[in-house]
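Just so it is clear: chains get the letters A, B, ... in the order the sequence lines come, proteins before strands, and each one is counted from 1. What you are looking at is a predicted structure, and each value in this text was computed from that prediction instead of being measured.
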Amino acid sequence: MGLAEIRELIKPVIKEVDFSYLSGKVVALDAFNALYQFLAAIRQPDGTPLKDSKGRITSHLSGLFYRTKNLIEYGIKVIYVFDGKHPEFKKKEQELREEQRKKMEEKYKKAIEMGIKGDLKKYAEFTSKLEFNMVDESKELLEAMGVPYVQAPSEGEAQAAYLVKKGIADYVGSQDYDSLLFGGLRVARNLTISGKRKVRGVEVDINPEIAELNDILNYLKLDYKKLIWFALIVGTDYNPDGIPGIGVKTAYELVKNNNDPEKLFKYVGWDKYYKEISWKELEEFFEDPPVIEINKEDIKFGEVNEEKIRKILIDEHDFSEDRVNKAIEELKNAYRKGSQKNILSFFGK
DNA sequence: CCCAGCGA
DNA sequence: TCGCTGGGG
């Protein structure tokens, strides 16, 4: 959904927290979302990503390894959720994104040719492409780190929302708030990005922010179905344009004052703009998306395979042995502390 | 994004 | 301990 605008609307119920707030909590992280962020952000000033001696990109592995280790050190229990096959009706949005990516790639290449240094990194950030093998090695690395992951049959955001609904996870971790539309009860942002953000010229740390579906609904005085209608009017990944000419404010007023979706979508002229898909199909998709059933017992945290980590990062991809070994020790320590904490809470201490 | 090293 | 810089792969 049009995140920037909706954030504005629900700002009062978004809570800024620090990482320790999430200590002891289980977070289902949107893996593709995180990997794209690492690919975009982990670059040299000229825009080139990190590569091993064979020229293979390693930015995603670096980000995944160190960031995940840090989250675990905060006491956060991380589950990664990988996207499966996108629904047919997401094609438009995907083509749009691919087009934009290619445009940026052109701009980036041209800037290099012409020797323009200033904007190189900015362009490069949008050229990232997540390849199949990157996904596979990311899963392998997570396994070696003792971090569980779930392969979604369809949308990762939907699977992550399911994990929260079922009580297996406490939060969906993603930069998008889309999982709220899938009924995800709690969402946490800014878990995989960090660094500084400029506010009125002053640099401040970016902190995690969390939002709860129930708070949002109470605040907006909408029910869950109406939130979906609202999103469909302003635009989602499946109908990126929303209803042209209707903005956030109008859409909000419309759904608040209409209880009959048939009338509502007739009024805004849905059928004019979307011939291939009905609002009802999309509503059903959000309410009951394809997910795989998971039980709490299926999720295992904390079995580190040091040798495998070293094989992937040091042997295969030329990471610094010292840094990796140090991080492995920190990871093991974090797990030890975590399990001690579990035992203490088990005895009520 | 991350870390290591440095000087304050 | 902190903020900054340069390099990581």
Side-chain angles (χ1 to χ4, degrees), chain A residues 18-20 22 27 29-74 76 78 80 82 101 104 108 117-131 133-142 144-145 147 173-176 188-199 201-209 304 306 308-334:
Chain A
D18 51 23
F19 281 101
S20 54
L22 294 167
V27 177
L29 280 174
D30 181 340
F32 274 37
N33 192 274
L35 291 173
Y36 267 113
Q37 273 172 353
F38 298 141
L39 283 173
I42 304 178
R43 289 169 184 271
Q44 289 169 315
D46 70 353
T48 46
L50 298 186
K51 292 175 187 173
D52 64 19
S53 58
K54 288 180 181 160
R56 297 172 295 195
I57 293 175
T58 55
S59 296
H60 58 300
L61 294 176
S62 179
L64 192 65
F65 181 59
Y66 291 114
R67 177 52 106 158
T68 306
K69 181 218 77 177
N70 286 340
L71 292 175
I72 292 167
E73 279 190 291
Y74 279 116
I76 300 171
V78 182
Y80 278 93
F82 285 83
R101 197 190 64 79
M104 273 300 174
Y108 179 53
K117 285 195 178 146
D119 293 329
L120 276 183
K121 196 171 181 184
K122 226 170 35 192
Y123 293 145
E125 277 177 26
F126 295 97
T127 64
S128 312
K129 201 171 177 200
L130 190 58
E131 308 283 357
N133 64 322
M134 294 178 176
V135 175
D136 286 343
E137 23 175 40
S138 297
K139 287 177 179 172
E140 249 186 273
L141 179 61
L142 289 174
M145 292 175 74
V147 175
S174 176
Q175 287 310 94
D176 305 317
R189 288 183 80 231
N190 297 350
L191 262 38
T192 50
I193 61 162
S194 87
K196 313 280 186 187
R197 174 168 45 196
K198 272 206 172 156
V199 178
V202 189
E203 296 206 316
V204 286
D205 285 320
I206 296 181
N207 288 318
E209 58 178 48
V304 181
E306 290 184 50
K308 200 169 165 193
I309 295 177
R310 277 194 278 268
K311 192 174 147 264
I312 296 170
L313 294 181
I314 302 169
D315 301 344
E316 286 280 316
H317 293 297
D318 309 307
F319 278 54
S320 148
E321 195 171 343
D322 288 350
R323 286 190 185 190
V324 169
N325 282 331
K326 187 169 169 259
I328 289 174
E329 285 312 307
E330 289 164 345
L331 184 65
K332 288 197 301 190
N333 276 331

Rounded distance in Å - [atom1] ([X]) to [atom2] ([N]):
X       : N      : atom1 : atom2 : answer
L35(A)  : dC2(B) : CG    : P     : 14 Å
K121(A) : dG8(C) : NZ    : C1'   : 12 Å
D205(A) : dC2(C) : CG    : C1'   : 12 Å
F19(A)  : dC2(B) : CZ    : C1'   : 13 Å
L313(A) : dC3(B) : CG    : P     : 13 Å
I314(A) : dG8(C) : CD1   : C1'   : 14 Å
D46(A)  : dG6(C) : CG    : P     : 15 Å
D322(A) : dA4(B) : CG    : P     : 9 Å

**Test side chain to side chain donor-acceptor pair (under 3.5 Å) applied to S59(A) - qualifying residues, sequence neighbours left out** = none
**Complete:** T192(A) meets the side chain to side chain donor-acceptor pair (under 3.5 Å) criterion, sequence neighbours left out, with Q37(A)
**Asked** Reckon R323(A) has a side-chain N or O less than 4.0 Å from the OP1 or OP2 of dC3(B)?
**Response** no
**Request:** Check whether any side-chain nitrogen or oxygen of K69(A) sits under 4.0 Å from OP1 or OP2 of dC3(B), and answer yes or no.
**Result:** yes
**Message:** When you compare the side chain of L331(A) with that of I72(A), does any pair of heavy atoms fall below 4.5 Å?
**Reply:** yes
**Request:** Go through the steps for N207(A) and N190(A) under the test side-chain contact (heavy atoms from CB on, under 4.5 Å), then give the verdict.
**Result:** CA-CA 6 Å; N207(A) 288 318; N190(A) 297 350; over 6 Å; no
**Request:** Enter the distance from L191(A):CG to N70(A):CG here, rounded to the nearest 0.5 Å.
**Result:** 11.5 Å
**Message:** How long is the straight-line distance from CD1 of I314(A) back to CZ of F319(A), given to the nearest 0.5 Å?
**Reply:** 10.0 Å
**Request:** Could you tell me whether Q37(A) contacts a base, only the sugar-phosphate backbone, or nothing, with contacts defined as non-hydrogen atoms closer than 4.0 Å?
**Result:** nothing
**Request:** Can you sort out which residues in residues 48-62 of chain A have a heavy atom within less than 4.0 Å of DNA chain C? Ascending by number, please.
**Result:** P49(A), L50(A), K51(A), T58(A), S62(A)
**Asked** For the side chain of N70(A), counting heavy atoms from C-beta on, which of dG8(C), dA4(B), dC2(B) is nearest?
**Response** dC2(B)
**Message:** Taking the ring of Y74(A) and the ring of F19(A), is the distance between their centroids below 6.0 Å?
**Reply:** yes
